[in-house]
Amino acid sequence: MKIPLIIIIFSSLLVVLFYSQTNYKDYARVHNCSGSCYDNELKNSGTPSERLHAKMMSLSNKTTVELGKDIYSKNCAACHGGSGEGGVGPYLAGKNNIVDMLQAYKDKKTRGTQSAIMWANAQQLSTKDMENLAEYIDTLGN
Ligand code: HEC
């Protein structure tokens, strides 16, 4: 029995179409480092799984205060001051209901006249982030 040519062509088109839709197609382009480039990368930074593991370890080795500090210095200090002393935004050092206040902003609640500024800042914070921030702000005293 002969399979008509048209079916062969049609099914190979389907196969090509299927593979072009998979996520694997860009691998070669994304990791455009092979041969000695890849050998050097392995020597300097380890295999991708070793790098991921190192990153996870470095994250899990941080205390909650340190994790809070990371977020604070990057996203909050500019307005609330390097030591929580205030600036564009109110002082935070010594305040102890930080998580509640941040959750209120995340829920787009109005607290003061400039709450809208904080809505955007709070959107990106997880509950864990808020707790870590509160722990760090606790260390700032008052
Ligand atoms: C662009 C400036 C800006 C940035 C960045 C910013 N804030 Fe604010 N923040 C404000 C302003 C202004 C207010 C007062 C809002 C109001 O009127 O309700 C405020 C209010 C607050 C309050 C309530 C204080 C109180 O006593 O009522 C907390 C808590 C707070 N911010 C924490 C943070 C944290 C944590 C970050 C970083 C994730 C952050 N803010 C980033 C400007 C900023």
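Each ligand, and each atom within it, is numbered from 1 in the order the structure gives.
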What are the atoms of ligand 1, with element, lying closer than 4.0 Å to any heavy atom of Thr113?
17 (O)
Heavy-atom pair with the smallest gap, counting every atom of Gly82 and Tyr136:
O-OH, 4.2 Å
Checking Ser45 side chain against Leu42 main chain: does a donor-acceptor pair fall under 3.5 Å?
no
Examine Asn75 against ligand 1 and note whether any of their N/O atoms are separated by less than 3.5 Å.
no
Applying a heavy-atom cut-off of 4.0 Å, say which part of Ile137 lies close to ligand 1: side chain, backbone, both or neither.
neither
Indicate the atoms forming the closest heavy-atom contact of Lys95 with Ile98, along with that distance.
O-CG1, 3.8 Å
Considering only heavy atoms, does Met101 approach ligand 1 within less than 4.0 Å through its side chain, its backbone, both, or neither?
side chain
Donor-acceptor pair, side chain of Asp129 and main chain of Ser126, under 3.5 angstrom:
yes
Roughly how far, to the nearest 0.5 Å, is OG of Ser36 from NZ of Lys43?
10.0 Å
Are the side chain of Trp119 and the backbone of Asp107 linked by a donor-acceptor contact shorter than 3.5 Å?
no
Using a 4.0 Å cutoff against the non-hydrogen atoms of Leu133, which atoms of ligand 1 qualify?
35 (C)
Straight-line distance of Ile137 CD1 to Ser83 OG, nearest 0.5 Å
12.0 Å
Polar protein atoms (N, O or S) that approach atom 8 (Fe) of ligand 1 to under 2.8 Å
His80 NE2, Met118 SD
Smallest heavy-atom separation, Arg111 atom then Tyr105 atom, equals NH1-OH, 2.9 Å
With atoms numbered from 1 as shown, which atoms in ligand 1 lie under 4.0 angstrom from a non-hydrogen atom of Arg111?
18 (O), 23 (C), 25 (C), 27 (O)
Is there a donor-acceptor contact under 3.5 Å from the side chain of Tyr72 to the main chain of His80?
yes
Ligand 1 to Gly112, heavy atom cutoff 4.0 Å, flagged ligand atoms 16 (C), 17 (O), 18 (O)
Could you tell me whether some N/O pair between Gln114 and ligand 1 is separated by less than 3.5 angstrom?
yes
Can you name the one residue among Val99, Leu125, Leu102, Leu67 that meets side chain to side chain contact (heavy atoms under 4.5 Å, CB included) with Glu131?
Val99
With respect to Lys95, determine whether any N or O atom, backbone or side chain, lies less than 3.5 Å from an N or O atom of ligand 1.
yes
Could you say whether the N/O atoms of Val88 and ligand 1 ever approach to under 3.5 Å?
no
Compare all side-chain heavy atoms of Lys109 with those of Gln103 and state whether any distance is below 4.5 angstrom.
no
